[in-house]
Each structure stands twice: as C-alpha cells, then as structure tokens.
Amino acid sequence: MKHQALIGIAAAAAILSGAAALDAQTKDAPKTMTGTLDPAKTKFDISPTMYGVFFEDINFAADGGLYAELIKNRSFEFPNALSGWETDGTVQVVKGAEGDVPFPRNPHFARITAEPHRDRWSALDNGGFRGLAFEKDKTYHLSVMARLAPGTAEPVGFDAAFVREDGTMEARTPFTVNSHEWKEYKVDIKAASTQTRGKFRLLLNGHRGTVDLDHISLFPEDTWKGRANGLRNDLAQAIADLKPKVFRFPGGCIIEGTTLDERYNWKNSVGPVGNRPLNGNRWNNTFIDHLTPDYFQSYGLGFFEFFQFCEDVGAEPLPVLNMGLACQFQNDANDLSAQVPVDQLGPYIQDCLDLIEFANGPVTSTWGKLRADMGHPEPFNMKFIGVGNEQWGRLYTDRLPSFLKAIREKYPDIKIIGGSGPYPDGAEFEYLWPKMREFKADLVDEHYYRDPEWFLSHIDRYDKYDRSGPKVFAGEYACHDDPANSLRAALCEAAFLTGIERNADVVRMSSYAPLLANYNAWQWAHDMIWFNNTSVVKTPSYLVQKLYSTNAGTHTLDLSGLGALPADCYAGAVLDKSDDGSSVIVKFVNLGKNTVPISINIPGAADGTEVAVVGIKGKDLADKNDLANPELIKLEESTLKISAEILEAKQAPFSFMVYRVPVKK
C-alpha cells in the first residue's frame, strides 16, 4: 500500500522472520508449539498506553448507562417536553423567562397544580431509561429545584416515592416546598423492595396550591467512589478492571453530530450540572430498525467527569474534538451547512486550546479556574488530543493544518492524533496516510470493523509499516461475527493483537469499540460490555482486552526462535521488566478443535518456578455470554511448574491463554 514505505532490509528480515514463523498456517503444520524465547533478546519497548478503552455515547452508554442519573429528561428540555414522564392531574411544561429560571441554558420547568377533589391527585412519574431500577434497603438521593408558583400563599407538601412494577407506591418520603424563590430540596429515599423496571413518583400530597419543579434528579447513594453526580458503580468498576492506560472520549461520531449544531461541545459539558444544555445524540435515529427518539445527551457526564475518571483508573485522557465538520456519513460533501469554511475555523481551534487550558492550565487562567471551581485545582496532565474523528478527503486535510499549527505553537508538548478515515484500506485511507506524514501527525488513528477472516488474514498488517513515520493508534476495532460478541470473535481479536504487540514500535495505542451497550436500547450489536438496569455482562472480547492490558509487558521479544505454529494457532511473547523482577509472558491462541501441546525453552526460568496461567476457553466458537448465562466464558486460572527451563503445557481447543514465566534478571 502507498502509505507503507519500505524499511531497511535487515529490519524487515528480522520482523518478517518472526511473523512467518507465527502466521504460517499450512496443511502440514506441526502438531506441537516448540521453540525458544530468550528473555535477553528484546526488540522494542511497549508503550505504556498500548491498551486502552474508547468511550462513545452510543447504545445509551452515558445517560441510561455509565452516568448514574436515574431520571430521564430531568429538566424537561426534550423536544417532547414530557418525554419520560407520566402525569396525573394538572401538569404543564413552561418555558421560563430569562432571569426567572434556576438554569438559564435549560429554561423549561414543570408546573403542577393540586387537584381540589379529595379523591384526585396530581403527580409526576418517571420511568427512567427503559425502566427505573431500585434495590431493597438501598438509599437514593433526590434533588429538586422548586418554588411556589405565583398565587400560591401556603407551603405545599410532596411525597417522593418509588412505584413497583405492579403499580404499588412505596418508600413515601415527604418534603415541603415553602418558598417563592427557586430553592434546592434534597431528600433521601430508602427502597422497600427490589424492582428492575419500576418508576419514581413525585406526588403533590394535598389539594391546594401550584408548584414549579425543575432539574428533578435521582442518584443511587453507591455511585463510583460515592460521588455526587456520579457514575454507575458496577459499570465503572468493570471499566476500571480492564486497567486501561489510555481513555479516548467522548466519541466517535457524536463529536461530529448529524448537524454542526448537534456536535459534542465540550464547553457545554462543564460547569454547574443543571446549567449544561441538552444536546441531541447522533445515534438516536441513525438506524431505522433501532430508532431511539428519546436518546439525548444531558452532558451530566461531561469532560470534567471524564478527566476525573481517567485519573481514577490510571488512564491517560485522550479527548477528541470537532474540527468544523458534521458527520460526513450523514451529509453530502457539497452541503455547506455541514462544514465550517476554512477561514472561519477560529472558534473551533480555540475550543482545542481552551480545552488544554481547562485540563492543564493554572488556576489563575480562565479555564483552569473553572476546573478548580469544579473541585480539581490540580491539573489533569493531559498529553494527547484528537482533532476530528472519521473525517476524510479534502474537507479534512484542508482544515487539519490550522489546528496543528495553533496547538503546536501554544502547546508543543501535546501529542496530536490525526486520522486515516473510517476504513482500514481503500482510496481515502491511501490518500490520508501520506498527508498525515506530511503534516507530521504524532499518531494516526486507524479503524477496522471486520469479519473473522479479515482479522486472521491481517495479523501481519503492521510488519511492513514505515518504522520512522507517524505512530499508529488502533483507535476503533472489533471482530464482527455472527453471533455478535462470540468466542470466535474474541479469539480472532486475540490473534490479531499478537501482530499489534510484536509491532510495538509502530503501534503505540489501541482500543476496542464500542465499549458499552444497553440491552434495552442499543444501536450497535458488537460491543464489549452489555448491561441492563441491574446487571452487567462482560463479553469474551472484554476478557481478551483484560488479558492483554494486564499482561502488556515492557518489551517485545525476538520471536525468530519459535518454530512454525500448529494449524489455527497464533502466538506472541513479551518481557515484563520491573524492580521486582522480570517475567516472560507468552500469549497463545488456539482456534482449532484439537488440544495443542506446548514445549518452549525459556533460558533463565529456574527449575520448579511457578508459572501463572490465565485465559478463556469454550466448547463452541459460537459460545457467548448473555444475561441468562453471563459467565459461560470466564477467566480460568491455573499454575504450572518449569522443568529444565522448559514451559510444558497442553492448550485446550477454542482457547486463549497467557503464561507468565518468572525469569532471572
């Protein structure tokens, strides 16, 4: 391919000799994996950011997912102002005048009037995101902005409550609105039962008066790290358990928007939560067979929260910003409303500069002060920025240089990620790679969503890449199999990652995509973590990602000492060096139906040394985890002993195993 410049003959021979040994799949292939892995023969350092995650708000990943808010349309800003709500009695949505609302950028509020008859009631019910779950004896924090409406002289009482699936109201907790000024009312509600598709209710408990309500917000007490406006604990923990070293956010196609007005605007996602304006979601009507017209972005999970979570899990933040182009998939190239003229990009470039100041600037700076006001005076130490997502053609390359110039002039230490388009090959890919070299992009983002055959036939993809050009960020990839999220898909990804791993001098970052999907509101079928309101399912692909990220190593090893691989098998090996000692980490994929013996000589592995073995296996390549059987495929651990510096093992069919062998320094 045009972007793959020739490398030195010696370097090519060294890389390809290992690749040939690893990827040869012939009818007369050996039955046993044999050879030598010498821990003294290292090749390339492995980037600390090699394995990460990519978060995009698709499949209800943010609102209704990682963001723990339980109320949908909490500020009545959806185009259908009562979407998500059911009303009894007299309830209307009012657009308040400027200066007469608690949050100017979310000006709508609900006005509820008591029913005068003693047997009639006014109430607002919210069903959450495809149901509202609550758990017995757990506490939930309610926050409501409210005031007595004009003409109401006396305080008005409310009951905050849960509603069971059978319609029964429980956990009624009273509070009283007692002021004509907007005021925040906070109530703790303790659930009396466990429900997966319940509701939340605000009942006006009386027959006189009118009250204005806004920003009705309900969070579980046990959010990630117990934070207000926090994250759903089980989903956040599942991501943290991956030990990601880079975290790309917030997209993806949502940074582009279907229109420029709907692009992700990071400045709208910071500051007081109640004043972050609602934004459309590019995925709400993208697929006609999965329409989700109630899918919006509250921005409650905004850039501050993303940076904070990166810090929590030890990942380098990699924010991606719009570059003046709406989604090119959804707009014609000649549609001028979907593109900002090159000479009018100033505000978009300033967004990038201001973001770096928000993340890293001193508290005396405008945006650094906002970060401090939000509770984080220390900088987030952001090192990377992505400019644009899946852009292509002249629309992209005419705009990118202006961003590069401005960022490099003011922040020369920031690494800038360019792109190679939406596909792993083809005309746009071939056009963009030389451009990225010309622009001296620090990394180039490559995306590939392909079938199992593609992944297995492209394990050598990076063997002949230009070693001196921009580095690669494999920013979005997934093996698309039928059924989705199968063991076969995960094993093909594991095999492909051996090729990424052995080319660690070229590939410096990678992340599977998408990360999250709600079983009850999804648009994309191939995802790493699935969930509903109460459960989390980790796919085999999740387990593969975890095995790689927790066994990344520090240096690749010379693989030329390995013999030819058995049919349907793939292998890689790295050295993990630390102050506590060194280990050779062998990764072995067996996609075949037969058990494969392994016999590898590892100099420096002492007799009796215990080898930790961890991996996944299944009875059928179509096996997958789901709500009915969430651990059909799970991590399995065991140990082996080294004898005469030989790693001896028998690897089961349809499996991926990691062998960690301690060696002498």
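FYI, side chains are in, hydrogens and waters are out, and symmetry mates aren't considered; it's all heavy atoms of this structure. Source: prediction; values computed, not measured.
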- Item | Minimum heavy-atom distance Gln651-Phe588, with the two atoms named | NE2-O, 2.7 Å

Is a side-chain N or O of [X] found less than 3.5 angstrom from the main chain of [Y], in a donor-acceptor match?
| X | Y | answer |
| --- | --- | --- |
| Tyr542 | Ala238 | yes |
| Asn518 | Asn532 | no |
| Gln391 | Gly419 | no |
| Asn625 | Lys538 | yes |
| Asn503 | Val506 | no |
| Ser511 | Val53 | no |
| Thr609 | Ala605 | no |
| Ser510 | Met50 | yes |

Heavy-atom side-chain contact between [X] and [Y] under 4.5 Å:
| X | Y | answer |
| --- | --- | --- |
| Val536 | Leu235 | yes |
| Val574 | Ile46 | yes |
| Val658 | Ile585 | yes |

Distance-only side-chain donor-acceptor flag, [X] / [Y], under 3.5 Å:
| X | Y | answer |
| --- | --- | --- |
| Glu316 | Thr49 | no |
| Gln545 | Ser549 | no |
| Glu428 | Trp433 | no |
| Ser578 | Asp580 | no |

Could [X] and [Y] be called an ion pair, given the rule that one side-chain N must be under 4.0 Å from one carboxylate O?
| X | Y | result |
| --- | --- | --- |
| Asp576 | Arg660 | yes |
| Arg232 | Asp234 | yes |
| Asp312 | Arg227 | yes |
| Asp481 | Arg488 | yes |

- Test salt bridge (charged side-chain N to carboxylate O under 4.0 Å, His left out) applied to Asp607 and Lys641, step by step: CA-CA 8 Å; Asp607 271 5; Lys641 297 285 187 181; over 6 Å; no

- Do Tyr51 and Tyr548 make the cut of ring centroids closer than 6.0 angstrom? yes

- Task: Determine whether the aromatic ring centres of Phe306 and Phe309 lie less than 6.0 Å apart.
- Result: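 Ring centres of Phe309 and Phe306 not closer than 6.0 Å.
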
- Item | Exceeds 12 heavy-atom contacts within 6.0 angstrom, atom NZ of Lys243 |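 Incorrect, the count does not exceed 12.
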
- Tell me, with the steps shown, if Tyr449 and His526 meet side chain to side chain contact (heavy atoms under 4.5 Å, CB included). CA-CA 9 Å; Tyr449 300 102; His526 307 265; over 6 Å; no

- Going through the distances and angles, do Asp505 and Arg467 end up as a salt bridge (charged side-chain N to carboxylate O under 4.0 Å, His left out)? CA-CA 7 Å; Asp505 61 324; Arg467 319 319 277 188; 2.7 Å; yes

- Task: List the steps and the verdict of ring-ring contact (aromatic ring centres under 6.0 Å, His included) for Phe307 and Phe249.
- Result: CA-CA 9 Å; Phe307 278 118; Phe249 65 90; 5.5 Å; yes

- Would you mind telling me which of Tyr570, Tyr477, Phe455 makes a side-chain contact (heavy atoms from CB on, under 4.5 Å) with Leu497?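 The single option meeting the side-chain contact (heavy atoms from CB on, under 4.5 Å) with Leu497 is Tyr477.
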
- Message: Evaluate Phe60 against Phe531 for ring-ring contact (aromatic ring centres under 6.0 Å, His included), listing each step before the verdict.
- Response: CA-CA 10 Å; Phe60 277 48; Phe531 62 92; 9.0 Å; no

- Task: Begin with the C-alpha distance, continue with both residues' side-chain angles, and end with the deciding distance and a verdict on salt bridge (charged side-chain N to carboxylate O under 4.0 Å, His left out) for Asp445 and Arg248.
- Result: CA-CA 11 Å; Asp445 186 10; Arg248 178 177 178 237; 3.3 Å; yes

